[in-house]
Amino acid sequence: MLKYVALILLIWQAHSMLNRIRSQRKIIATVLYNPFLDTIQQCVDSLEKQEKLDEIQVWYRDEKPVLRPSNRVKVYHAREDYGASTNLLGTLAGESHPDTVIVTVHPYSTFEPNMVDRLLERMKNETKSIPCFGCEYYVHDSIKIESVSEGQCLGWPTTTNGVAFKREWFGSEIFDFVGINQACFIHDEMWIAGHLARREIYPSVIPNNAVHGSLEFNYDIGLCLAL
């Protein structure tokens with residue numbers, strides 16, 4: 001009888017622990033505040049309209065943003081400066097549940113109310129792809145970047161209109177910037193894409209809201225992709 005009671009207790013404890021683990025899974029939007037842009041409140045307001053978001057994280061490095069109070073909005077002071085990746089890496093460091101979804105956005109963007117819904121739907125259908133609304137890739141033998149408006153892309157997602165990642169995709173090496181090309185530090189999308197490409201996870205572009213055009217840089221950004 002005692003063995004039976006002990007077994008029931010063990011099963012109940014395991015079930016309770018599993019429920020606690022499941023309950024920790026979140027859908028988080030993360031953005032890095034830029035004090036030179038007076039757009040952060042508009043950005044946050046549009047994120048507040050995303051019904052499936054559990055939390056909106058606003059990260060800052062020096063100057064703390066002044067935002068209207070909200071239960072979903074959390075403001076964090078970054079302990080480490082990872083350049084443009086500060087908000088994503090800060091969120092990654094604080095989240096451990098493998099199924100947590102992290103949506104990165106730019107502070108100067110505003111979003112349609114179904115932005116997160118569309119990212120989650122693509123992630124559901126393509127479990128090993130990075131849902132995004134635009135992707136760019138490096139053209140070898142030149143310094144030009146071209147864009148992709150739909151489908152899979154062997155490049156990096158543009159975070160202007162929103163990109164979704166799963167926590168389980170990232171290892172500790174995402175925090176190691178020692179000895180990397182400076183371009184990877186400045187252009188965080190390339191650093192992140194290179195990390196995930198080594199795990200065979202590539203951007204998947206959702207049409208109709210894509211980023212178009214091309215850009216030119218005066219250094220070899222292909223060095224940080226390792227594609």
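One is the number of the first residue; the rest follow in order along the sequence.
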Please check: side-chain N/O of Ser46 versus main-chain N/O of Phe111, any donor-acceptor pairing under 3.5 Å?
yes
Does any non-hydrogen side-chain atom of Leu92 lie less than 4.5 Å from one of Phe165?
no
Judged by atom type as modelled, is there a donor-acceptor pair below 3.5 Å linking the side chain of Thr100 to the main-chain atoms of Lys26?
yes
Run the side chain to side chain contact (heavy atoms under 4.5 Å, CB included) check on Glu48 and Ser70 step by step: do they pass?
CA-CA 9 Å; Glu48 287 264 41; Ser70 170; 2.5 Å; yes
For the CD atom of Glu112 and the CG atom of Asn161, what is their distance to the nearest 0.5 Å?
10.0 Å
Given Ile28 and Asp54, is the side chain to side chain contact (heavy atoms under 4.5 Å, CB included) satisfied, shown in steps?
CA-CA 6 Å; Ile28 300 171; Asp54 297 305; 5.6 Å; no
Which heavy atom of Ala164 sits nearest a heavy atom of Leu119, and at what distance?
CB-CB, 4.0 Å
Among Glu121, Glu51, Lys49, Gln50, which one satisfies side-chain contact (heavy atoms from CB on, under 4.5 Å) with Val116?
Gln50
Under a 4.5 Å side-chain heavy-atom rule over Ile, Leu, Val, Met, Phe, Trp and Tyr, are Tyr76 and Phe170 clustered together?
no
Working to the nearest 0.5 angstrom, can you tell me the gap between His97 NE2 and Gln24 CD?
6.5 Å
Test of understanding: clusters of I, L, V, M, F, W, Y form through side-chain heavy atoms closer than 4.5 Å, transitively. Do Trp191 and Phe175 belong to the same one?
yes
Can you tell me if Arg118 uses its side chain to pair, donor with acceptor, with the backbone of Ile206 under 3.5 Å?
no
Here the gap from Ile174 atom CD1 to Ser85 atom OG, rounded to the nearest 0.5 Å, amounts to 7.0 Å
In the structure I gave you, are the side-chain heavy atoms of Arg167 and Asp99 within less than 4.5 Å of one another anywhere?
no
When rounded to the nearest 0.5 Å, the distance separating OG1 of Thr39 from CG of Asp45 is 11.5 Å
Do Lys64 and His77 have side chains that approach each other closer than 4.5 Å (heavy atoms only, starting at C-beta)?
no
Linked, directly or transitively: Val73 and Trp59 (ILVMFWY side chains, under 4.5 Å)
no
For Asp117, is there any backbone N or O sitting under 3.5 Å from a side-chain donor or acceptor partner on Arg122?
no
To the nearest 0.5 angstrom, please state how far the SG atom of Cys135 sits from the CH2 atom of Trp156.
8.0 Å
State whether a side-chain donor-acceptor pair under 3.5 Å links Thr86 with Glu80.
no
Search all heavy atoms of Ser129 against all heavy atoms of Gln152 and return the closest pair with its distance.
OG-NE2, 4.5 Å
Flag, side chain of Arg61 to backbone of Gly83, donor-acceptor distance under 3.5 Å
yes
Start with the C-alpha distance between Gln57 and Glu55, add both sets of side-chain angles, then the distance that settles side chain to side chain contact (heavy atoms under 4.5 Å, CB included), and finish with yes or no.
CA-CA 6 Å; Gln57 296 186 2; Glu55 188 174 310; 2.8 Å; yes
Between Glu189 and Pro157 the two heavy atoms that sit nearest each other are CG-O, 3.0 Å
With distance as the sole test, does Ser109 use its side chain to make a donor-acceptor pair with the main-chain N or O of Thr160 at under 3.5 Å?
yes
Membership question, hydrophobic clusters at under 4.5 Å side-chain separation (ILVMFWY): are Leu88 and Ile56 in the same one?
yes
Are Glu126 and Ser204 close enough that some pair of their side-chain heavy atoms sits under 4.5 Å apart?
yes
May I ask you to test the Leu53-Leu47 pair for a side-chain heavy-atom distance under 4.5 Å?
yes
Between Pro35 and Glu63, which heavy-atom pair has the shortest distance, and what is it?
CB-OE1, 3.6 Å
Establish, from distance only, whether the side-chain atoms of Glu136 and Thr158 form a donor-acceptor pair under 3.5 Å.
no
Given Glu200 and Lys128, is the salt bridge (Lys or Arg N to Asp or Glu O under 4.0 Å) satisfied, shown in steps?
CA-CA 8 Å; Glu200 298 185 346; Lys128 294 287 285 184; over 6 Å; no
So Leu120 and Lys52, do their side chains get closer than 4.5 Å, heavy atoms only?
yes
Minimal non-hydrogen separation, Val163 against Cys132, with atom names:
CG2-CB, 3.9 Å
Under the side chain to side chain contact (heavy atoms under 4.5 Å, CB included) criterion, do Val44 and Arg68 qualify, and how do the steps go?
CA-CA 9 Å; Val44 169; Arg68 285 191 292 271; over 6 Å; no
Does a sphere of radius 6.0 Å around CG in Asp38 hold more than 12 heavy atoms from other residues, nucleotides or ligands, not counting ones at 6.0 Å or beyond?
no
Could you check whether any side-chain N or O of Thr30 sits under 3.5 Å from a backbone N or O of Asn87, counting only pairs where one atom can act as donor and the other as acceptor?
yes
Please tell me if the side chains of Glu173 and His195 come closer than 4.5 Å, counting only heavy atoms from C-beta onward.
yes
Answer yes if Val101 and Ile130 sit in the same cluster of Ile, Leu, Val, Met, Phe, Trp and Tyr residues linked by side chain heavy atoms under 4.5 Å apart, and no otherwise.
yes
How close do Val205 and Gly134 get, counting heavy atoms only, and between which atoms?
CG1-N, 3.8 Å
How many angstroms lie between atom CD1 of Ile27 and atom CD1 of Ile102, to the nearest 0.5 angstrom?
11.5 Å
Tell me, do Pro65 and Tyr33 make a side-chain contact under 4.5 Å, heavy atoms counted?
yes
